[in-house]
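The structure under discussion appears below in the form of structure tokens.
Read the numbers this way: they start at 1 and go in the same order the structure lists the ligands and their atoms.
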Amino acid sequence: MRFIAKLGVDPVARADPTLLQAMGLPGGGIVRLGDTHVQVVPGDVPGPTVLLVGPRTMANAGLSPGDGVEVTRALLPIAHRVVVADADGLDARRLGRALQGRPVTVGDVAVVRAPRGDEIDEWRLRIVEVEPAPAAVVGPGTAVHETSRQDPPIVPHEGAPPGEPPTTAEALVAGLETEREVLAGWLALLTSPDRLPATWGLPAVAGVLLEGPAGCGRSELVDAAAADVGVRVDEVLLDVVHRPERLLSLLERAVRETKPPAVLYVDHADAVAGTDAPFRTQAAAIFRWFLDAVAERPRFACVVGTASVAGLDPAVADSPLLPRRLVVPPPDTRRRRLLFEAALARVPHRRIDFERLAVRTAGFSATDIAAVVLDATARTTAANEPVTQELLDRALEDIPPSLGSAMLGEVPSYGFERVADLDVVKQRLRETIIWPLTDPDRFRRLGITAPKGLLLWGPPGTGKTFVVRALAHESGAAFFPVKGAELLDKWVGESERAVRELFARAKAVAPSILFLDEIDALAPVRGRSTNSVTDSVVAALLTELDGVADRGDVFVIGATNRKDLVDPALLRPGRLETHLRLGLPPAEARAAFLAISDVPLTDDVDRADLVDATEGYSFADLAGLLREAALHALRRDPEAIEVTSDDVAAALEVFADRRGVSPPRRSPR
Ligand SMILES: Nc1ncnc2c1ncn2[C@@H]1O[C@H](COP(=O)(O)OP(=O)(O)O)[C@@H](O)[C@H]1O
Ligand SMILES: [Mg+2]
């Protein structure tokens, strides 16, 4: 929610009680404010949208008095450890006590007061490190110490699996065990001394097509597989080839000069044989020749690499000489963790939370991860100064994921602050989705696993879709929303494949949230529908759900107006096991909605009356009512900037009419 920052006193901020209530913080709580976090409490403020902030907090947040600022609720873990600078004369115990209960964010300056001798003195502490996240709350168990005295040890690597950290090349192929095995199998067959394919009367084969985004380990996979079977690899890169003659001479020479047994890795085929490559037709012809030449030559195979097979000329993409296609997916959480460990293995660094880095880097390619580590290293001021979590975090903010937002799904721009009421739902979503992402230890400590699936159900317009979209924003995870009916329409006859691809995409950039809205259309009770296609869609959905339940990292949320129509197999434990009902909003919820609405109502609109008059309205109805009222205001005066009680009365009439003719509302069972 947006506030105007005005000058108050440190360290606690104050805001209007009603607005805090609307944000789901009736008694106050911790919020994110610009670059920092602060405790906010309900208090007397000069205007409903004013946030009173002390000068120190202003500076930490990067604000000046009068600035507008977005305030969002923050979920901070309890700090294990906080390192501060400039605490001369304060011992660890007094430090801890002085910061007790406060949110601290790396980069903040915190002013604390504590006794020095007989007097109370003031310290301006710089917050240098916070664990387990760059922002956390100081609790009774938090170890607070000063940098100069207890410099945390410089560790070569930590959190790596037992043994040596992987090298970059190893890390790049970690998690690709299946692909590596398949590729090694093909290479072994094609380079075997006995010319097995020919002996067995199999059709001639040139090699394998290898598809995967740039910078994700395609060539490392070829190297690893070839090493597994003990053959040499030569590499030809086509991204620098600008003329057909050059392409021909390169490939010709490669075939002529490489001595079998060997593998020729031809990468960036899309650069010359891609759909929009300048001399694509000639390139296709040259490739046809090349593949024939390779297939003819004994103990010789090629691997043709491309970012996407879909963008490749059919002469290459569908060539019978390249019968097998392998896909190198973008790095998932596990691979990203290994990549960070590998990249930092030889860089001096402080304690790093690798799990957190992996979770925060959905959409990062392997090269992006290397760039993050380089960037963090470049930010150290002195040579040999260790890389810290903070530097890595800052580098993360500056380096965009090259696997792009399309891969990441779309993340909405509003969070829970725009969602009125629904406290229980928001809390459950937080527990099941945000906690496992930000603090997986909570569950591990108690020996439980977080549920992987959840169903929201209830009458239309009660905020099911709305709250999940806000959740996607809050969690920062990649978000894949689909409407049941859309998936069926767009992919007639291919819905099962669509389901599988959707899950594959979500898995590839995990952690991610897959949102199956209006799931009753996608997964109706089997046997009951006349359409046998949907039965197999339900079956595909069950398989995929069970798959992600094992692996974790992909949270599946379903929503429906008609829970009774959803196939019950989908709703069992291990699948969409938690069911949350959203009902029509009671009076307080309607009041909360009015309080956070952006529609400016004049003071003569009696909020309490309006709440009474809208008994039985859903949130969608309320939103519609205010829209209607605002339109009425604009009809009255095109320059209107406020909505009066007359406008509201007119809108209520329109709605009363509409509701009069519509059948009485019933909530589904
Ligand atoms: N809790 C809420 N707070 C504020 N606005 C809401 C809330 N719930 C719903 N709305 C409004 O109502 C509209 C319809 O809600 P939606 O989530 O699509 O309903 P459902 O999916 O349950 O049918 C939303 O676009 C939003 O404008
Ligand atoms: Mg909906």
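- Close approach of ligand 1 to Arg418 (heavy-atom distance below 4.0 Å) involves ligand atoms 3 (N), 4 (C).
- By the 3.5 Å distance cut-off applied to N or O atoms, Val467 is not counted among the residues near ligand 1.
- In this structure, atom 5 (N) of ligand 1 lies nearest to the protein heavy atom Phe593 CE1, 3.2 Å.
- On a distance-only criterion, Lys464 and ligand 1 share at least one N/O pair closer than 3.5 Å.
- Residues Glu474 and Arg73 are not paired through a salt bridge, judged by the lack of any N-O separation under 4.0 Å between the basic side chain and the carboxylate.
- Checked against a 3.5 angstrom limit, the closest N/O atoms of Gly463 and ligand 1 fall inside it.
- The neighbour count for Arg430 CZ, taken as heavy atoms of other residues, nucleotides or ligands under 6.0 Å away, is above 12.
- Between the side chain of Asp108 and the main chain of Thr105, a donor-acceptor pair closer than 3.5 Å is present.
- Given atom 10 (N) of ligand 1, the protein heavy atom at minimum distance is Phe619 CB, 3.5 Å.
- Atom 2 (C) of ligand 1 has its closest protein heavy atom at Ala420 N, 3.5 Å.
- Counted within 6.0 Å of CZ on Arg607, heavy atoms from surrounding residues, nucleotides or ligands total more than 12; the atom is thus considered enclosed.
- Closest to atom 17 (O) of ligand 1 among all protein heavy atoms lies Phe466 N, 2.8 Å.
- For Asp44 and Arg14, the salt-bridge test fails: no basic side-chain N is under 4.0 Å from an acidic carboxylate O.
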| query | Which is it for Arg32 and Thr72 under the side-chain hydrogen bond (donor to acceptor under 3.5 Å, both in side chains) test, yes or no, and what are the steps along the way? | reply | CA-CA 5 Å; Arg32 185 187 172 117; Thr72 47; 5.5 Å; no
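- In terms of polar-atom proximity, Pro460 is not counted as a contact of ligand 1, lacking any N or O under 3.5 Å from an N or O of the ligand.
- Using a 4.0 Å cut-off between charged nitrogen and carboxylate oxygen, Arg590 and Asp612 do not count as a salt-bridge pair.
- Protein heavy atom in closest approach to atom 23 (O) of ligand 1: Gly461 N, 2.7 Å.
- Scanning the protein for heavy atoms near atom 14 (C) of ligand 1, the closest one is Ala620 CB, 3.6 Å.
- The single protein non-hydrogen atom nearest to atom 18 (O) of ligand 1 is Thr465 CB, 3.8 Å, given as residue, atom name and distance.
- With hydrogens and angles disregarded, no donor-acceptor distance shorter than 3.5 Å links the side chain of Thr36 to the backbone of Leu33.
- Remark: Asp332 does not engage Lys507 in a salt bridge, criterion side-chain N to carboxylate O under 4.0 Å.
- In this structure, Arg469 falls outside the shell of residues with a heavy atom less than 4.0 angstrom from ligand 1.
- Using a 4.0 Å cut-off between charged side-chain N and carboxylate O, Asp393 and Arg356 make a salt bridge.
- None of the N, O or S atoms belonging to Asn561 lies under 2.8 Å away from the Mg ion (ligand 2).
- Looking at ligand 1, you won't find any N or O of Leu422 less than 3.5 Å from one of its N or O atoms.
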